[in-house]
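I have placed the structure first, in the form of structure tokens, so that the comments after it can refer back to it.
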Amino acid sequence: MLIECSNITKSFQGELLLKDITFKIEDHDKVAVIGVNGAGKTTILDILTDQQSYDSGDLFKSRDLTVGYLKQHHDLDNEKTVYESALDVFLPLIKIEDRMRELELQMQSDHSQTIMNEYDALTQQFQNQDGFSYPSRITGILKGLGFLEEEFQQKIKELSGGQKTRLCLARLLLEEPKLLILDEPTNHLDSYAISFLENYLKSYKNALIVVSHDRYFIDTISNKIIEIENGRSTIYNCHYEEYSIKKRTQRAIDLKHYINQQKEIKRIQESIDTLKSFNREKSIKRAESKEKQLAKIERIDKPENLPSAITVQFHPAVESGYDVLRVDDLSMRYDDIVFEHCCLDIKKGERVAIVGENGVGKTTLFKAIVGQLPITRGKIRFGSHVEMAYYDQEHESLDISKTIFKEISDTFPRMTNHEIRSTLAMFNFKGDDVFKDIAILSGGERGRVVLTEVLLKQANLLILDEPTNHLDIASKEVLEDALNSFEGTILFISHDRYFINKIATRVIEITKNGTHSYQGNYDTYITQKIPPVKNNEIPVITKNKQQQIIDKKTKNEIKKLERSIDQLENEIKDLKDQLNLDEIINDYIQYNQITDLIEEKEMILMEIMEKWEQLQV
């Protein structure tokens, strides 16, 4: 165990932000900390790294723990070059190397045993710390994170903020601390650098804690989720995708428990008020007794990010023909060629993601399709009865002189006030939020207004340019649900790989010299682009040879473990089935007892599975 937090609390200006943060980080854990903006994720990281104090609770760290922390600001020596800054990580090794060179010179004239012994000891130490490879490690990691070789000698003071963040990340990866803590590490990284980082972290030999809004990144690199909600932590020993499914179910159950408890509190309070109204000594004593009963109830927090009831269905008003959009040999030119030989053939009902390097012209293509930019060569043709709605990531369609409510009501005058409020609530505009001026909205808030308009237009072709930019995870999930239930055709640009996986039925990659189409979502696109190792390339006999050397005692142990695994899995399944019973769902105390028991048995199952896997080698 590296770190253990127990009942950590933290207040700011009298407001309790963290109420009960409890979790353990063990060696080799890959942990993602998630929660809404303002939940306290970065505060927790600051507490773990002693950059902030906490009010109460216990924080234990192992004695030999080394921590590397990537924050959103950096502390670098501006006069050093990129390479020199990375080289600083290996100063202890460099000192050993310099001393070895000194001893080599001395040994030319002095053959004393003392010098020989020191040289042998330093050589062994240098080899043990992989000293001969550090120059290549520096080069590999700097290049992997997007630094060109000619940038290695650039002074840090000349770097952009994003380059400085990438350099800080490179230094941390080179340090290889026992616990690596990363706050939004994919910011300022292009797709190739993100892919490099994912592969590096998947095989990172030590523990990792990461905060990120990139759900694909989280799902790829983490095996444990710590969710921060209402100031409390909940542990999920799974990847993000499985957590997301579990969370949706749990959120619905938590809401039911909350509503049931609120009804009970209201019932008791009404009884107290009635008894007090009699104004008799006996009734007042009974009221006081009920007040004590009420005070003892442990209040359930209302679940955060509850999905709004969707009262408006986003059906196209008119059904398009089978052929929706055809782009033939399209070229776009400004001073230089943006792209050429671009071809698209979009059919009814498809959900097509457009991907490609930054600057290749994806947004330019969309602006040409919707008629905002002239084309240099080629043809763009729409099929019969195609009605289009365009989401512009710059949000230029909004009238900044209006409120949110006025913008929607003016654009869709037939909608009732209730329909407008219900639709805006889908994208988390609730209560008086709907009367905010568009001029003061953040980029994410403006994006949500435009998405609302796009979906309400009842078009049968949606053209969306980076629709998830600035959206929190809850809003992304709402959008994904809305688009997956949409009965028309969708053409979209996105850097959000998790979003592409959820939505796309086809991926088209655009390059300077043309387009390439791949059936399926982002994962299948990557698989088709970089084919996996073929089965016949894997040495099949390896497992058979390993199996032959397992002795009888080990085989018996494996069988014993497998019986335990089967029994535990059946017990967990039975307990989970109980959670679906109405009498359990409506009794939050019994429900929590069963979920605690499930978690306990799952932990035991994990330990047995690890033993079983070790015996397979």
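As the structure is a prediction and not an experimental result, all values here were calculated from the model.
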*Are any non-hydrogen side-chain atoms of Leu182 and Leu172 less than 4.5 angstrom apart?*
yes
_Residues which pass side chain to side chain donor-acceptor pair (under 3.5 Å) with Asp392, listed by chain and number, not counting sequence neighbours_ = none
*Is the closest basic N to carboxylate O distance between Lys247 and Glu477 below 4.0 Å?*
no
*Residues Leu59, Leu48; criterion side chain to side chain contact (heavy atoms under 4.5 Å, CB included); working and verdict*: CA-CA 8 Å; Leu59 175 58; Leu48 295 181; 3.9 Å; yes
*asked:* If I take atom CD1 from residue Ile138 and atom OG from residue Ser133, how far apart are they, to the nearest 0.5 angstrom?
replied: 9.5 Å
*Is a side-chain N or O of Thr505 found less than 3.5 angstrom from the main chain of Arg351, in a donor-acceptor match?*
yes
_Nearest 0.5 Å, please: how far is CD1 in Ile209 from NZ in Lys224?_
9.5 Å
*Among residues two or more places apart or on two chains, list those pairs meeting salt bridge (Lys or Arg N to Asp or Glu O under 4.0 Å) that have a residue in residues 137-154.*
Arg137-Glu176, Lys143-Glu149
*Would you name the heavy atoms of Ala207 and Asp27 that are closest together and state the gap between them?*
N-OD1, 4.2 Å
_Worked check of side chain to side chain contact (heavy atoms under 4.5 Å, CB included) between Lys41 and Leu45_ = CA-CA 7 Å; Lys41 302 185 294 294; Leu45 301 190; 5.9 Å; no
*Which value, rounded to the nearest 0.5 Å, describes the distance between Tyr236 atom OH and Glu227 atom CD?*
4.5 Å
*asked:* Check Lys502 with Glu241, please: is the shortest side-chain N to carboxylate O separation under 4.0 Å?
replied: yes
*Starting from the C-alpha separation in whole Å, work towards a yes-or-no answer on ring pair (Phe, Tyr, Trp, His ring centres under 6.0 Å) for Phe132 and Phe126.*
CA-CA 8 Å; Phe132 295 107; Phe126 193 71; 4.9 Å; yes
*Closest approach of Lys178 and Thr66, non-hydrogen atoms and distance?*
N-OG1, 2.9 Å
_If we check side chain to side chain contact (heavy atoms under 4.5 Å, CB included) with Leu344, which of these qualifies: Ile354, Val352, Leu330?_
Ile354
*Just by modelled atom types, is the Tyr240 backbone N or O under 3.5 Å from a matching donor or acceptor in the Ser244 side chain?*
no
*Is there a donor in the side chain of Thr9 and an acceptor in the side chain of Ser56, or the other way round, less than 3.5 Å apart?*
yes
*asked:* If only side-chain N and O atoms count, and only distance matters, is there a donor-acceptor pair under 3.5 Å linking Gln51 with Tyr69?
replied: no
_Test your reading of the model: is there a side-chain donor-acceptor pair from Asn501 to the backbone of Tyr522, 3.5 Å cut-off?_
yes
*Are Glu480 and Arg215 within salt-bridge range, i.e. N to O under 4.0 Å?*
yes
*Would you call Asp88 and Lys80 a side-chain contact if the rule is heavy atoms closer than 4.5 Å?*
yes
*Rounded to the nearest 0.5 Å, how far does OG of Ser6 lie from CG of Asp20?*
7.5 Å
*asked:* Please check: side-chain N/O of His516 versus main-chain N/O of Glu509, any donor-acceptor pairing under 3.5 Å?
replied: no
_Which heavy atom of Leu179 sits nearest to which heavy atom of Leu208, and what is that distance?_
CD1-N, 4.1 Å
*More than 12 non-hydrogen atoms from neighbouring residues, nucleotides or ligands closer than 6.0 Å to NZ on Lys246, yes or no?*
yes
*Leu122 side chain reached by Gln125 side chain, heavy atoms, under 4.5 Å*: yes
_Side chain Ser85, main chain Val82, donor-acceptor under 3.5 Å_ = no
*asked:* I need the Asp465 CG to Ile463 CD1 distance, nearest 0.5 Å.
replied: 10.5 Å
*asked:* For the backbone of Thr524 and the side chain of Gln528, can you confirm whether one donor and one acceptor N or O come within less than 3.5 Å of each other?
replied: yes
*Check the pair Tyr243 / Ile218 against side chain to side chain contact (heavy atoms under 4.5 Å, CB included), numbers first and verdict last.*
CA-CA 11 Å; Tyr243 152 79; Ile218 292 172; over 6 Å; no
*Taking all non-hydrogen atoms of both residues, which atom of Asn521 and which atom of Ile500 are closest, and how far apart?*
CB-O, 4.0 Å
*Is it true that Asp46 and Lys10 have a side-chain N and a carboxylate O under 4.0 angstrom from each other?*
no
*Report yes if the side chains of Leu201 and Phe217 come closer than 4.5 Å at any heavy-atom pair, otherwise no.*
yes
*Taking only residues at least two apart or on different chains, which pairs with a member in residues 108-123 satisfy salt bridge (Lys or Arg N to Asp or Glu O under 4.0 Å)?*
Arg99-Glu118
*With sequence neighbours left out, which residue pairs that include part of residues 76-117 fulfil the ring-ring contact (aromatic ring centres under 6.0 Å, His included) condition?*
Phe90-Tyr134
_Test: ring-ring contact (aromatic ring centres under 6.0 Å, His included). Region: residues 26-55. Which pairs qualify, not counting sequence neighbours?_
none
_Within a 6.0 Å radius of atom NZ on Lys24, are there more than 12 heavy atoms belonging to other residues, nucleotides or ligands?_
no
*State, to 0.1 Å, how close Val338 and Gly361 come at their nearest heavy-atom pair, and which atoms those are.*
CG1-CA, 3.6 Å
_Distance (rounded to the nearest 0.5 Å) between Leu167 CG and Leu76 CG_ = 5.5 Å
*Under 3.5 Å donor-acceptor, Asn230 side chain and Arg232 backbone*: no
_Set of residues satisfying side chain to side chain donor-acceptor pair (under 3.5 Å) with respect to Gln106, sequence neighbours excluded_ = none
*Asn223 side chain to Lys30 main-chain N or O, any donor-acceptor pair under 3.5 Å?*
yes
*Asp190 side chain to Glu357 backbone, donor-acceptor under 3.5 Å*: no
*Please report the shortest heavy-atom distance between Ile226 and Ser233, naming the atom on each side.*
CG2-CB, 4.1 Å
*Just wondering, do Ser517 and Thr515 contact through their side chains at under 4.5 Å, heavy atoms?*
no
_Greater than 12 external heavy atoms within 6.0 Å of Met1's CE_ = yes
*Does the side chain of Glu466 reach to within under 4.5 Å of the side chain of Ser494, using non-hydrogen atoms?*
yes
*Verify, without hydrogens or angle tests, whether Ser222 (side chain) and Ala32 (backbone) share a donor-acceptor contact under 3.5 angstrom.*
no
*Is the shortest heavy-atom distance from the side chain of Asn206 to the side chain of Leu2 under 4.5 Å?*
no
*Decide yes or no on side chain to side chain contact (heavy atoms under 4.5 Å, CB included) for Val31 and Phe23, but give the supporting numbers first.*
CA-CA 11 Å; Val31 179; Phe23 60 82; over 6 Å; no
*asked:* Tell me whether the NZ or CZ atom of Lys362 lies within the 45° cone about the ring axis of Phe366 and under 6.0 Å from its centre.
replied: no
*Any Ile141 side-chain heavy atom under 4.5 Å of Tyr200 side chain*: yes
